[in-house]
Amino acid sequence: MSWSEGLLWMVSPYVVLVIFVGGLIWRYRYDRFGWTTRSSQLYESRLLRLASPVFHYGLLFVVIGHVIGLLIPVSWTDAIGIDNDVYHANALVWGGLAGLATLAALALLIYRRRVNGPVFMATTANDKTMYAVLAAAIVAGMVTTVGGFLPSEVSYRTTVAPWFRGVFVLAPDVEAMGQASALYKVHTLIGMALIVLFPFSRLVHALSAPLGYLFRPYIVYRSRQDSAPRRPGHVRLRQNRPL
């Protein structure tokens with residue numbers, strides 16, 4: 001690995017983290033009302049009802065798979081009797097299914113935005129960039145998942161994962177990252193680009209939680225008959241009830 005590539009894996013993760021945290025602070029302070037998905041359900045809902053749940057659940061499983069794969073060392077899974085071959089087989093099956101579902105749903109969401117006039121007009125350049133980077137990250141992830149079974153391929157759990165864990169303790173393992181294949185490095189760079197884009201796109205809504213909903217006051221409903229305005233001089237007649 002050249003010194004320039006070593007500098008890349010040493011410096012770039014912290015640049016990404018600074019932009020990510022700084023972008024979130026900036027977005028919340030100066031664009032709080034733009035912290036939204038900018039939903040286009042009003043323009044078209046049939047395709048959205050199908051694609052949106054599949055996309056969100058699929059992406060959730062993809063994120064969970066990345067968290068498990070990057071944060072749990074090989075020694076931990078070996079200690080509970082899960083060898084590397086079994087781990088990768090499960091990653092291929094479940095990760096592949098989640099990736100395919102997410103990619104198919106994303107393609108349907110892009111198709112919906114392209115063929116529906118009002119939805120397309122509401123799509124910004126930022127949205128198009130976000131969709132392109134997100135699609136590239138999912139495709140690259142699926143390629144690396146399948147490529148991990150090649151005999152010549154070095155496992156990301158001994159290359160990318162140690163480097164990733166080292167970033168958070170201010171000691172990124174550049175040598176381990178240097179042993180990773182070009183597939184893993186490209187996937188990592190695309191993922192870093194997605195993290196940089198995250199605070200400035202609609203993806204930021206993933207960090208929103210409706211906590212205020214749990215503590216909001218009750219909504220008081222009044223009968224229309226009791227609250228309806230009366231005309232001036234109007235007198236409500238009291239009904240006589242039989243004795």
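- In this structure, W9 and W163 have perpendicular ring planes: the angle between them is above 60°, well past the 30° mark.
- In this structure, M130 CE and T123 OG1 are separated by 9.0 Å, a value rounded to the nearest 0.5 Å.
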Open item on the list: Run the side-chain contact (heavy atoms from CB on, under 4.5 Å) test on V15 and I19 for me, step by step, so that the C-alpha distance in whole Å, both residues' side-chain angles and the decisive distance to 0.1 Å come before the verdict.
Closed with: CA-CA 6 Å; V15 174; I19 295 176; 4.0 Å; yes
Open item on the list: Go through it in stages, so that I can follow the logic: the residues are K185 and M177, the test is side-chain contact (heavy atoms from CB on, under 4.5 Å), and I'd like the CA-CA distance, side-chain angles, deciding distance and then a yes or no.
Closed with: CA-CA 8 Å; K185 292 179 180 178; M177 191 63 186; 4.2 Å; yes
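- Looking only at side-chain heavy atoms (C-beta outward), M142 and L100 come within less than 4.5 Å of each other.
- Looking at every heavy atom in both residues, A51 comes nearest to A105 through O-CB, 3.5 Å.
- Contact annotation: the side chain of L48 approaches that of L109 to within less than 4.5 Å [non-hydrogen atoms, C-beta and beyond].
- The cluster map of Ile, Leu, Val, Met, Phe, Trp and Tyr, joined by side-chain heavy atoms under 4.5 Å apart, puts V133 and L103 in the same cluster.
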- [ ] Go through the steps to decide whether T124 and D127 satisfy the test side chain to side chain donor-acceptor pair (under 3.5 Å), and finish with yes or no.
- [x] CA-CA 5 Å; T124 65; D127 294 332; 3.2 Å; yes
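- Heavy-atom contacts from other residues, nucleotides or ligands closer than 6.0 Å to CZ of F20 number more than 12.
- The nearest pair of heavy atoms linking G23 to P199 is C-CB, 3.5 Å.
- Distance check, rounded to the nearest 0.5 Å: CG of D85 to CG of N90 gives 11.5 Å.
- Contact check for L203 versus L197: no side-chain heavy atoms found under the 4.5 Å cut-off.
- Both tests pass for R157 against the ring of Y87: distance under 6.0 Å to the centre and angle within 45° of the axis.
- Criterion: ILVMFWY side-chain heavy atoms under 4.5 Å apart, direct or through other members. Under it, V143 and Y184 are part of a common hydrophobic cluster.
- To the nearest 0.5 angstrom, I82 atom CD1 is 8.5 Å from I72 atom CD1.
- The distance from atom CE of M192 to atom CG of L189, rounded to the nearest 0.5 Å, is 6.0 Å.
- Panel note: side chain S52, backbone R49; no donor-acceptor pair is recorded below 3.5 Å.
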TODO: Could you check L60 against F55 for side-chain contact (heavy atoms from CB on, under 4.5 Å), going step by step and ending with a plain yes or no?
DONE: CA-CA 8 Å; L60 178 62; F55 172 78; over 6 Å; no
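- In this structure, Y156 and H88 have perpendicular ring planes: the angle between them is above 60°, well past the 30° mark.
- To the nearest 0.5 angstrom, H205 atom NE2 is 9.5 Å from S39 atom OG.
- Taking OG of S201 as the start and CG of L134 as the end, the distance is 9.0 Å to the nearest 0.5 Å.
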Task: Steps toward side chain to side chain donor-acceptor pair (under 3.5 Å) verdict (R112, S40) - done: CA-CA 10 Å; R112 169 182 174 270; S40 57; 2.9 Å; yes
Task: Worked verdict on T37 versus R202 for side chain to side chain donor-acceptor pair (under 3.5 Å) - done: CA-CA 5 Å; T37 61; R202 67 173 61 208; 5.6 Å; no
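- Using a 30° and 60° split on the angle between ring planes, F164 and F168 fall in the perpendicular class, above 60°.
- Looking at R165 and D173, no side-chain N of the basic residue comes within less than 4.0 Å of a carboxylate O on the acidic one, giving no salt bridge.
- Other residues, nucleotides and ligands contribute over 12 non-hydrogen atoms within 6.0 Å of the CZ atom of R38.
- The two residues V174 and G6 have their closest heavy-atom pair at CG1-CA, 3.6 Å.
- Counting heavy atoms from C-beta outward, V160 and T188 have side chains that approach closer than 4.5 Å.
- Looking only at distances, a side-chain donor or acceptor of T102 sits under 3.5 Å from a matching main-chain atom of L59.
- A donor-acceptor pair is defined here as one N or O able to donate and one able to accept, closer than 3.5 Å; no such pair exists between the side chain of S45 and the backbone of Q41.
- Hydrophobic clustering keeps I138 apart from V93 (ILVMFWY residues linked when any side-chain heavy atoms are closer than 4.5 Å, directly or through intermediates).
- In terms of modelled atom types and a separation under 3.5 Å, the side chain of R27 and the main chain of G34 share a donor-acceptor contact.
- Between G58 and A98, the shortest heavy-atom distance links the atoms O-CB, 4.0 Å.
- Checking side-chain atoms of N126 against main-chain N and O of F200 turns up a donor-acceptor pair under 3.5 Å.
- Distance alone, capped at 3.5 Å, is enough to place a donor-acceptor pair between the Y14 side chain and the V167 backbone.
- E44 contributes a side-chain N or O that, together with a main-chain N or O of L47, makes up a donor-acceptor pair within less than 3.5 Å.
- Relative ring orientation between W35 and Y28 is described as perpendicular, the plane-to-plane angle rising above 60° on a 0-90° scale split at 30° and 60°.
- Both L70 and W76 belong to a single network of hydrophobic side chains, linked directly or stepwise wherever heavy atoms of I, L, V, M, F, W or Y lie under 4.5 Å apart.
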